[in-house]
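FYI, the numbering just counts along the sequence from 1.
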Amino acid sequence: MTSINQIFHQELQKIEDLPNVNINFYLQHKERIQDVFGYIFVINLFKNRVETKKYYKNNYSTVFSLLLEASYAIVSGQCRGALLLLRSAQEANFRYSLLLERKFILEQDSNRKFKKLDFRFLSTKNCFIQDIEPTLCKEKYSLYYQTIERNLTWYKKLCSVVHSQGSSQPVLDITYLSRLSSDTIINSDEYFKLFTNTLSDIFLLNFIVMRDSLIHWDTYELRNILKIAYGKKKTESLLKFIKQNHISR
């Protein structure tokens, strides 16, 4: 039987055959681009698994499409465009996760009332915290609260970068990334770090929202999936969170 890691690497090999991919750019940043696709692969896997697909209804198609477009923009060299798409994906995912959490809360307490959401990220973040505080202990669910706060941090950083202007007008092609350090407030290392940090916390929101399903998963299988996107230490930390801090709804 083909392992999940083997399937992932088979999918990675297809990147070079995508239309309009800048091969030189891809090969130059291959490892970091593969990190990006690792998160996309894992999100897609959970989206299509029988055990967890209920968390990814039709409304999630917009989020995932934006993630795919952002990833494709990177390999085609549209670096600033990739961040714009990633920011849109993050906004949509953040709102989606909160609405899903609200649905589960109402299943347990139909009398709960929630504030109407607007389209300001900070306002949505505050609602997120307020909504889960009555049922989820901050100490036991510190990862959840931290992930919500970090999403705001990455959102602000994305806004700062995509609206920044350096010594010359930004361009949406391969030359942009090569001049990041001189033309903008961010260099190439920081660019990919911002991208993967944002993707990580997009996934972590989904991961925590799926906790009622994941608690029943085989630890070995879940570990192998998480290792596609994370190192050993982070993987074990996430497994511990799910297995030890679970509270039935």
| Can we say K103 and E107 salt-bridge, meaning some charged N sits less than 4.0 Å from an Asp/Glu carboxylate O? | yes

| task | Go through the steps for E16 and V21 under the test side-chain contact (heavy atoms from CB on, under 4.5 Å), then give the verdict. | result | CA-CA 7 Å; E16 296 181 27; V21 168; 5.7 Å; no

| request: Please answer whether the main-chain N or O of K233 pairs with a side-chain N or O of S237 as donor and acceptor at a distance below 3.5 Å. | output: no

| Which heavy atom of A82 sits nearest a heavy atom of I74, and at what distance? | CB-CG1, 3.6 Å

| request: Would you indicate whether K115, at its atom NZ, is surrounded by more than 12 heavy atoms from other residues, nucleotides or ligands within a distance under 6.0 Å? | output: no

| task | I would like to know whether C127 and L98 meet side-chain contact (heavy atoms from CB on, under 4.5 Å); could you show each step before the answer? | result | CA-CA 8 Å; C127 286; L98 173 53; 4.1 Å; yes

| Between L66 and I202, is there a shared hydrophobic cluster once you connect ILVMFWY residues whose side-chain heavy atoms come closer than 4.5 Å? | no

| query | Would you say the side-chain atoms of S200 pair up with the backbone N or O of T196, donor to acceptor, closer than 3.5 Å? | reply | no

| task | Could you tell me how the ring of Y56 sits relative to the ring of Y60: parallel (under 30°), tilted (30 to 60°) or perpendicular (over 60°)? | result | perpendicular

| request: Look only at the side chain of R211 and the backbone of I208, and say whether a donor-acceptor pair between them is shorter than 3.5 Å. | output: yes

| task | List the steps, then state whether ring-ring contact (aromatic ring centres under 6.0 Å, His included) holds for F64 with Y96. | result | CA-CA 12 Å; F64 194 68; Y96 184 90; over 10 Å; no

| For the hydrophobic clusters of this structure (ILVMFWY residues joined by side-chain heavy atoms under 4.5 Å, transitively), does one cluster hold both L27 and V36? | yes

| Got a salt bridge between K227 and E221, using NZ or NE/NH1/NH2 to carboxylate O under 4.0 Å? | no

| said: Once rounded to the nearest 0.5 Å, what's the spacing between atom NZ of K234 and atom CG of L239? | reply: 11.5 Å

| Does any non-hydrogen side-chain atom of I4 lie less than 4.5 Å from one of L45? | yes

| To the nearest 0.5 Å, how far apart are OG1 in T198 and OH in Y39? | 10.0 Å

| request: Work out which heavy atom in Q34 is nearest to a heavy atom in L12; give both atom names and the distance. | output: CD-CD1, 3.7 Å

| Do the side chains of N24 and H29 get nearer than 4.5 Å, heavy atoms only? | no

| said: So, taking the atom named CZ in F195 and the one named CG in L158, what distance separates them when rounded to the nearest 0.5 Å? | reply: 8.5 Å

| query | Y145 and E133: which non-hydrogen atoms are nearest, and at how many Å? | reply | OH-CA, 3.3 Å

| field | Within-4.5 Å side-chain heavy-atom neighbours: F207 and L214 | value | yes

| task | Using a strict 4.0 Å threshold on nitrogen-to-oxygen distance, state whether K14 and E11 make a salt bridge. | result | yes

| Whether D201 side chain and L204 backbone form a donor-acceptor pair below 3.5 Å | no

| task | Could you point out which residue of W154, F119, F121 forms a ring pair (Phe, Tyr, Trp, His ring centres under 6.0 Å) with F94? | result | F121

| request: Nearest 0.5 Å please: distance from the OG1 atom of T153 over to the CG atom of N197. | output: 10.0 Å

| task | Kindly say whether the aromatic ring centers of F41 and F37 come within a distance under 6.0 Å. | result | no

| Shortest non-hydrogen contact from I105 toward R112 | CG2-NH1, 3.5 Å

| field | Within one Ile-Leu-Val-Met-Phe-Trp-Tyr cluster: L194 and L85, side-chain cutoff 4.5 Å | value | no

| Okay, side chain of N151, backbone of T147: is any donor-acceptor separation there less than 3.5 Å? | yes

| task | List the steps and the verdict of side-chain contact (heavy atoms from CB on, under 4.5 Å) for Q10 and T2. | result | CA-CA 10 Å; Q10 288 171 4; T2 306; 4.1 Å; yes

| Value rounded to 0.5 Å, distance of CG in N224 from OG in S3 | 7.5 Å

| field | Distance flag, aromatic centroids of F104 and Y55, threshold under 6.0 Å | value | yes

| field | S76 (side chain) donor-acceptor with A73 (main chain) under 3.5 angstrom | value | yes

| field | K47, K54, R49 screened by salt bridge (Lys or Arg N to Asp or Glu O under 4.0 Å) with E51, the one that passes | value | R49

| field | S71 side chain vs L67 backbone, donor-acceptor pair below 3.5 Å | value | yes

| said: Strictly below 4.0 Å, N to O, side chains only: are D218 and R223 in salt-bridge contact? | reply: no

| query | Under 4.5 Å between side-chain heavy atoms, hopping through other hydrophobics if needed: is there a path connecting V161 to L86? | reply | yes

| message | With a 4.5 Å cut-off on side-chain heavy-atom distances among I, L, V, M, F, W and Y, is there a chain of contacts connecting Y220 to I228? | response | no

| message | Distance alone, cut at 3.5 Å: any donor-acceptor contact between the side chains of E101 and Y144? | response | yes

| message | Given 3.5 Å as the limit, does a donor-acceptor pair link the side chain of N93 with the main chain of A89, or not? | response | no

| About how many Å separate NZ of K243 and CD1 of I215, when rounded to the nearest 0.5 Å? | 5.0 Å

| Hey, does V75 have a side-chain heavy atom less than 4.5 Å from the side chain of N22? | no

| query | Hey, does the side chain of T235 reach the backbone of G231 with a donor-acceptor pair shorter than 3.5 angstrom? | reply | yes

| Do I132 and Y141 have side-chain heavy atoms sitting under 4.5 Å apart? | no

| E31, CD atom: more than 12 neighbouring heavy atoms under 6.0 Å | no

| task | Give a yes or no on whether the backbone of I40 and the side-chain of N44 come within a donor-acceptor separation of less than 3.5 Å. | result | no

| request: Check step by step if salt bridge (charged side-chain N to carboxylate O under 4.0 Å, His left out) holds for K125 and E91. | output: CA-CA 10 Å; K125 190 273 294 186; E91 286 179 298; over 6 Å; no

| task | Test side-chain contact (heavy atoms from CB on, under 4.5 Å) on I15 and Y26 and set out the steps. | result | CA-CA 9 Å; I15 295 177; Y26 173 70; 3.7 Å; yes

